[in-house]
Amino acid sequence: MPKSIIIRLPGITANGQRPLIQSAPLPPLWTPQQLTGLRGHWVPNTLAGVDGTEIENLAASSGLSNTIYQTTAGRKPVIAALGGRKAAYFDGVDDGFRSPDVGALNAADKITMFFRLKMDGFDTDNGLKPIMVFYGGTTAITRLYFGLENVSGASKRLGFAYRNNDADTSKFAWSSTVADLNEHVIIASFDRSVSPTRFEIWMDGVNIMGTNTIYNAGAWDAVDGATPYIGASNATGFKGRLSNFGYIRNILNTANRQYLEGYLAHSGNLLTLPNAHPYFTQPPRLSA
């Protein structure tokens, strides 16, 4: 009787099954907690409640003791839907949060703000509509604003403003792009440690801060000891929604800015980054 010959094909086990190929697990997702100087980061999607629920307190993300709050009736932002997630809605009148982070803007005045932002309407007046304000100063009532400015007619642009009540001075710097009612990833930075003062606004991965849009910005004064507000402080705030936002006492390099843009865009499937952006299709991850 002839002997049996067993022929085993490559990659086939003795029982005729292909072995399972174990793929390496993906590295963890990158988060803003990786950034040096992060002072505040809030994600309203963690809140309990339905649309219209008033938000009195909103805790910062893990590792940060910076709960923003609003205790005054009628001034509390409310929960609202945005892209399948919860956002904080500001009514465009006097809704706003205050942070307990006194001294958030230090003497060097380096700050980067970041937002998943959607405007819900524009006023026709000429007033500044703040989104984030650093309000204080050790020797004068000074404020650094980031928000909407009425540059020409009804056109609204994102920009910065500085106000010193004691010296009665105002200074402005605004973007080259007119604001709209779509949802965007916004990163805005202010750096007074260089001369002249440097402003940058990145919208969906594109720098929209023009070089000829600085007004009276040769010597922006320090806003030392400032406390942050989100939305209205003592002025009418913006009308819109924030689903992910915060600030960093630092200026980001290109790699970290792009990490942050990718994180914000993919935190709710907002496909607005340009095709050439390194995180156009996938969120950033920690290095393996």
Side-chain angles (χ1 to χ4, degrees), residues 25-49 53 55-71 76-77 79 82-88 90 96-117 131-136 144 146 185-191 202 223-231 241-270 278-279 282-288:
L26 290 172
L29 290 170
W30 183 95
T31 69
Q33 277 63 35
Q34 313 304 318
L35 295 172
T36 300
L38 181 69
R39 304 275 290 210
H41 176 215
W42 301 277
V43 184
N45 197 53
T46 60
L47 292 168
T53 302
I55 307 171
E56 184 166 320
N57 299 284
L58 180 55
S61 56
S62 177
L64 297 171
S65 56
N66 190 348
T67 297
I68 52 178
Y69 61 93
Q70 177 57 262
T71 58
K76 299 174 185 177
I79 294 174
L82 182 59
R85 296 169 63 84
K86 293 177 182 176
F90 299 76
F97 292 119
R98 179 174 180 173
S99 164
D101 187 17
V102 176
L105 194 59
N106 62 1
D109 285 341
K110 288 184 178 183
I111 204 78
T112 298
M113 297 159 275
F114 58 93
F115 312 93
R116 273 283 299 265
L117 167 69
I131 299 170
M132 188 172 286
V133 186
F134 294 88
Y135 187 107
L144 173 68
F146 175 74
V185 167
I186 303 291
I187 297 178
S189 62
F190 170 88
D191 187 0
W202 294 79
V223 192
D224 196 13
T227 300
Y229 290 77
I230 296 91
R241 309 172 195 215
L242 296 175
S243 64
N244 201 320
F245 58 100
Y247 62 92
I248 307 149
R249 198 162 78 176
N250 206 353
I251 302 299
L252 303 182
N253 59 25
T254 298
N256 281 330
R257 174 182 54 78
Q258 290 178 331
Y259 275 133
L260 185 54
E261 289 166 341
Y263 161 81
L264 290 169
H266 290 283
S267 65
N269 298 318
L270 182 63
Y279 305 109
Q282 296 291 330
R285 293 183 179 274
L286 300 177
S287 300

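Just so we're clear, the structure is a prediction, and the values are computed from it rather than from any experiment.
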field: Aromatic ring pairing Tyr259/Tyr279, orientation class (parallel under 30°, perpendicular over 60°, tilted between)
entry: parallel
- prompt: Between Phe245 and Pro44, is any pair of side-chain heavy atoms under 4.5 Å apart?
  reply: yes
message: Can you confirm whether Ile55 sits close enough to Ile79 that some side-chain heavy atom of one is under 4.5 Å from a side-chain heavy atom of the other?
response: yes
query: Is there a donor-acceptor contact under 3.5 Å from the side chain of Asn66 to the main chain of Arg39?
result: yes
- prompt: What pair of heavy atoms forms the shortest contact from Leu117 to Leu242, and how long is it?
  reply: CD1-CD2, 3.6 Å
query: Is the side chain of Arg85 donor-acceptor paired with the backbone N or O of Ser267 at a distance under 3.5 Å, no angle test?
result: yes
message: Quick one: does any side-chain atom of Thr112 pair with a main-chain N or O of Asn250 as donor and acceptor, under 3.5 Å?
response: yes
- request: Looking only at non-hydrogen atoms, find the nearest pair between Gln258 and Pro278 and report the distance.
  value: OE1-CG, 3.5 Å
- prompt: Mind checking whether Glu56 and Thr71 have side chains closer than 4.5 Å, heavy atoms only?
  reply: yes
query: How would you list, by chain and number, every residue that makes a ring-ring contact (aromatic ring centres under 6.0 Å, His included) with Phe115, sequence neighbours excluded?
result: Phe146
- prompt: Does Asp191 reach the side chain of Lys110, with side-chain heavy atoms less than 4.5 Å apart?
  reply: yes
task: Would you mind reporting whether Ile131 and Phe90 have side-chain heavy atoms less than 4.5 Å apart?
output: no
- request: Step by step, work out the side chain to side chain contact (heavy atoms under 4.5 Å, CB included) result for Leu260 and Ile248.
  value: CA-CA 11 Å; Leu260 185 54; Ile248 307 149; 4.2 Å; yes
message: My understanding is that only residues two or more places apart in sequence, or in another chain, count here; which of them pass ring-ring contact (aromatic ring centres under 6.0 Å, His included) with His41?
response: Phe114, Tyr263
- request: Indicate yes or no for a side-chain donor-acceptor contact from Arg116 to the backbone of Ser243 under 3.5 Å, with no hydrogens or angles considered.
  value: no
- prompt: Are side-chain heavy atoms of Phe134 and Tyr247 found at a separation under 4.5 Å?
  reply: yes
- request: Decide yes or no on side chain to side chain contact (heavy atoms under 4.5 Å, CB included) for Trp30 and Arg285, but give the supporting numbers first.
  value: CA-CA 4 Å; Trp30 183 95; Arg285 293 183 179 274; 5.7 Å; no
Minimal non-hydrogen separation, Pro27 against Leu286, with atom names: CB-O, 3.0 Å
message: So for atom CD, which belongs to Gln282, do other residues, nucleotides or ligands contribute more than 12 heavy atoms lying within a distance under 6.0 Å?
response: no
